[in-house]
Amino acid sequence: MISPRFVFICLFMTMTSEVLLSPFYPQYFTNAFHVDGVAMTSFFIICCRIVVIVMTPLWGMLLKKWKVQHIIVASLLMTALIKVILSEVSTFYGFLAISLVLLVFQSSLYLLYPYLVGGMKNGQKKASAATTYVFIVHTAIIVASLFGSTIIAWEMPLKVYQYFALADMVLAVWLITRKASSLKKEKTPAYIQSINEPIFFYLLAIFFFHLGHNVIRPYFTLFTSDTYSMNSQGSALLYVMPSIMAIVLKLTVPTKLFNGKVIPLFYGVTGASALLLCLQAYADHLSIFIISRILYGAGFYLSMVILDIYLFQKSKEGAAYYYSWLIAVQNIALLIAPLLALEISKVNLALPLAAGAAALLAASAVMPLRNKTIPILRQVKENEG
């Protein structure tokens with residue numbers, strides 16, 4: 001198996017490079033490419049989401065046939081080359097086209113996480129890996145946001161991708177030159193069973209879950225600025241509070257909390273998160289808003305870990321294949337969330353928070369239906385790498 005250290009370093013570098021300039025796309029597209037930055041940012045994000053929605057399940061199927069090491073090395077070498085090209089583009093449509101090609105290969109790297117956890121037999125190790133992954137995601141968001149605010153001031157911000165290309169090359173060499181002893185295969189069945197419980201309603205719950213947590217984001221800083229007259233720094237701090245709480249909880253919450261049955265805990269945490277979003281939408285005082293935001297961040301972390309652990313408990317060696325569908329559904333939600341937020345925010349800037357609460361309640365309502373039989377998946381052959 002590929003080492004956990006490699007997996008998490010690779011994911012951290014990949015996520016950081018992907019998020020780095022995204023908060024500043026509207027300004028950058030306007031200033032560098034002389035286009036309507038706001039409109040082109042929406043168009044760019046939609047195109048990127050579609051590529052990930054299509055490619056991630058395809059990579060999941062390829063992982064059943066090809067050795068994962070070969071796929072990851074090839075993808076890293078390709079992303080390194082594409083990032084060098086990306087650093088030299090001078091037009092918006094050139095940037096869009098190269099970014100989409102980059103995502104074709106980069107989307108395979110996100111399956112390293114379920115591949116790693118799927119190969120673990122110990123439940124405690126699975127829980128530890130899941131919490132570490134959520135920690136990596138949110139740390140990358142914070143680092144990228146802080147680093148990106150500096151990079152965007154460069155005369156040629158896209159040059160930063162050359163450094164990430166070098167990092168991809170180093171990671172590829174690391175994987176290629178690993179000692180033979182670390183590449184020993186674990187014995188796995190020739191065939192794996194499809195997930196013990198139907199996956200359709202689980203994926204529907206995943207859709208509502210990510211829709212609820214992401215519909216609140218596009219106009220969050222505008223809401224806090226308008227409601228509490230906060231400056232940009234204060235609004236940004238409240239915006240990243242869930243990421244900060246993820247780091248705090250990773251360091252303080254024992255992984256044994258996630259042993260055994262996790263779905264009852266999901267109901268409680270998600271229901272509380274919905275109530276906290278409603279409280280944020282209509283809080284009378286800033287202090288109440290801040291407290292509710294902190295508690296919401298804790299709930300977001302716990303529920304993300306729970307959903308991952310549940311899938312890994314059920315899918316076992318087929319984790320990478322099933323997780324590829326989870327990523328695809330998640331990106332569908334990420335595609336719809338800003339469009340929904342745009343429409344309802346025209347009525348009231350607090351409505352995205354209320355809509356997020358409703359979506360989380362829908363996720364909780366759908367989850368019990370996971371026992372309903374919809375035979376859309378059959379036995380699949382596991383890769384031997």
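Side chains included, hydrogens not; waters and symmetry mates left out as well; all remaining heavy atoms used.
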Testing the basics here: between [X] and [Y], what is the closest heavy-atom pair and its distance to 0.1 Å?
X: L86; Y: L158; result: O-CD1, 3.6 Å
X: A298; Y: M245; result: N-CB, 3.9 Å
X: A281; Y: A354; result: CB-N, 4.4 Å
X: P218; Y: P338; result: CG-CA, 3.9 Å
X: S364; Y: G271; result: OG-N, 4.4 Å
X: Y282; Y: A350; result: CE2-CB, 4.5 Å

| message | Let me confirm one number: the OG1-CD distance from T30 to Q27, rounded to the nearest 0.5 Å. | response |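 So the OG1 of T30 and the CD of Q27 are separated by 7.5 Å.
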Between [X] (side chain only) and [Y] (backbone N and O only), is there a donor and an acceptor less than 3.5 Å apart?
X: N214; Y: H210; answer: yes
X: R293; Y: Y239; answer: yes
X: N231; Y: G234; answer: yes
X: S22; Y: V19; answer: yes
X: T227; Y: T224; answer: no
X: T270; Y: Y267; answer: no
X: S17; Y: T14; answer: yes
X: T16; Y: M13; answer: no

Answer with yes or no whether the hydrophobic clustering places [X] together with [Y]; edges join I, L, V, M, F, W, Y residues whose side-chain heavy atoms lie under 4.5 Å apart.
X: V269; Y: L361; result: no
X: L369; Y: L203; result: yes
X: V104; Y: F95; result: yes
X: I176; Y: L112; result: yes
X: L295; Y: L275; result: no

| task | Quick one: do I50 and L100 satisfy side chain to side chain contact (heavy atoms under 4.5 Å, CB included)? Show the steps, please. | result | CA-CA 9 Å; I50 291 173; L100 296 182; over 6 Å; no
| Which of these, Y202, F209, F266, sits in a ring pair (Phe, Tyr, Trp, His ring centres under 6.0 Å) with Y310? |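 Result: among Y202, F209, F266, Y202 is the only option passing the ring pair (Phe, Tyr, Trp, His ring centres under 6.0 Å) with Y310.
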| said: Run the side chain to side chain contact (heavy atoms under 4.5 Å, CB included) test on L76 and F105 for me, step by step, so that the C-alpha distance in whole Å, both residues' side-chain angles and the decisive distance to 0.1 Å come before the verdict. | reply: CA-CA 8 Å; L76 285 169; F105 295 96; over 6 Å; no
Side chains of [X] and [Y]: does their closest heavy-atom pair fall under 4.5 Å?
X: P114; Y: L111; value: yes
X: L249; Y: F135; value: no
X: Y321; Y: L63; value: no
X: Y296; Y: I216; value: yes
X: I72; Y: L171; value: no
X: L102; Y: I85; value: no

| message | Run L103 and Q106 through side chain to side chain contact (heavy atoms under 4.5 Å, CB included) and show every step you take. | response | CA-CA 5 Å; L103 282 174; Q106 192 162 277; 4.0 Å; yes
| message | Under a 3.5 Å cutoff, is there a donor and acceptor pairing between the side chains of S324 and W59? | response |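 W59 and S324 do not have a side-chain donor-acceptor pair below 3.5 Å.
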| request: Scan side-chain atoms only and decide if T221 and S235 contain a donor-acceptor pair under the 3.5 Å cut-off. | output: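 Checked: T221/S235 side chains show no N/O donor-acceptor pair below 3.5 Å.
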Distance flag, aromatic centroids of [Y] and [X], threshold under 6.0 Å:
X: Y113; Y: F8; result: no
X: Y323; Y: F312; result: yes
X: Y25; Y: F29; result: yes

| query | How are the rings of F289 and Y228 set to each other: parallel, tilted or perpendicular (split at 30° and 60°)? | reply |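 The arrangement is tilted - the two ring planes meet at 30° to 60°.
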| said: Can you tell me if M169 has over 12 outside heavy atoms packed within less than 6.0 Å of its CE? | reply: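 It does not: M169 CE has 12 such atoms or fewer within range.
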| field | With T131 via side chain to side chain contact (heavy atoms under 4.5 Å, CB included) - residues at least two apart | value |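 Partners of T131 by the side chain to side chain contact (heavy atoms under 4.5 Å, CB included) criterion, ordered by chain and then number, come out as K250, T255, F258, Y301, V305.
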| task | Apply side chain to side chain contact (heavy atoms under 4.5 Å, CB included) to L302 and L265, showing your working. | result | CA-CA 9 Å; L302 293 173; L265 181 59; 5.8 Å; no
